[in-house]
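Beneath this line is the structure, given in structure tokens, with notes to follow.
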Amino acid sequence: MAPQQPGFDQRVWQAVAAIPSGRLATYGQIAELIGAYGCARQVGWALRRLPLPSDVPWHRVVNAQGRIAMSPSREGSDWIQRELLLAEGIPVDAAGRLPLRQFRWLPPGR
DNA sequence: AGAATGACGCTGA
DNA sequence: TTCAGCGCCATTC
């Protein structure tokens with residue numbers, strides 16, 4: 001896995017790292033933040049390739065539906081995300097839903 | 001090179 | 001509000 005382009009994954013991680021504790025952001029938000037509007041899916045890949053444990057608060061990134069993106073490919077890391085969010089004071093429903101409208105992080109410049 | 005996949009987003013029913 | 005379909009683009013086979 002050559003480093004190909006400096007940037008995309010790293011940019012995503014950097015943007016995610018900018019999310020303050022106790023706040024939430026959507027994939028589309030991160031994509032737009034790094035200048036890749038419409039590439040919300042690629043943000044997902046960047047986080048999927050993210051080695052754990054990591055310094056990146058990837059658990060603060062959820063989908064626009066206000067739910068944790070659960071997938072069989074994650075081997076349960078999605079549930080870890082729920083635990084981490086609960087630890088930050090964000091109430092997460094058993095179905096993975098959370099009050100995104102209330103904890104939505106407003107990126108700088110917007 | 002072409003087709004299938006996916007940690008998404010939006011609109012419509 | 002919940003479910004289904006279509007569009008988006010990079011990665012993978």
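Below, read A as the first sequence line, B as the second, and so on, with proteins coming before strands; counting in each chain starts at 1. Keep in mind that the numbers below use all heavy atoms, side chains included, and drop hydrogens, waters and symmetry copies.
Summarising the local packing, CZ of A:Arg74 is surrounded by more than 12 heavy atoms from other residues, nucleotides or ligands at distances under 6.0 Å.
Listed nucleotides: C:dA10, B:dC10, B:dC8. Nearest to the side chain of A:Ala64: B:dC10. Counting only heavy atoms from C-beta on, A:Asn63 has its side chain closest to B:dC8 among B:dC10, B:dC8, B:dA7. Checking B:dA7, B:dC8, B:dG9 against the side-chain heavy atoms of A:Arg41 singles out B:dC8 as nearest. Across C:dA10, B:dC10, B:dA7, the shortest atom-to-atom separation from the side chain of A:Gln81 is found for B:dA7.
A pairwise comparison of heavy atoms in A:Ala25 and A:Ile30 identifies CB-CD1, 4.2 Å as the closest pair. Of all heavy-atom pairs between A:Trp105 and A:Gln29, the closest is O-NE2, 2.9 Å.
What separates CD1 of A:Ile34 from C1' of C:dC8 is a distance of 14 Å, to the nearest Å. At whole-Å resolution of the value, CD in A:Glu32 and P in C:dC9 are 15 Å apart. Across the protein-nucleic acid pair, A:Arg49 atom CZ and C:dT12 atom P stand 5 Å apart, rounded to whole Å. Atom pair A:Arg48:CZ and C:dC9:P shows a separation of 22 Å (rounding to whole Å applied). In this structure, A:Gln42 atom CD and B:dT5 atom C1' are separated by 12 Å, rounded to whole Å. Taking atom CD of A:Gln29 as the reference point, atom C1' of C:dC8 lies 18 Å away to the nearest angstrom. In this structure, A:Phe8 atom CZ and C:dC9 atom P are separated by 12 Å, rounded to whole Å. Note: CZ (A:Arg101) to C1' (C:dT1) measures 13 Å, nearest angstrom.
A:Arg82 pairs in a side-chain contact (heavy atoms from CB on, under 4.5 Å) with only one of the listed residues (A:Leu86, A:Asp78, A:Leu85, A:Ile80), which is A:Leu86.
Each of A:Tyr27 and A:Tyr37 lies near DNA chain B, and the nucleotide nearest A:Tyr27 is the one positioned closer to the 5' end.
Counting non-hydrogen atoms under 4.0 angstrom, A:Ser73 reaches the backbone sugars and phosphates but no base.
Distance CD1/A:Ile34 to CD/A:Gln42: 9.0 Å, rounded to 0.5 Å.
Proximity of A:Arg97 to the phosphate of C:dT2: a side-chain N or O atom is located under 4.0 Å from OP1 or OP2.
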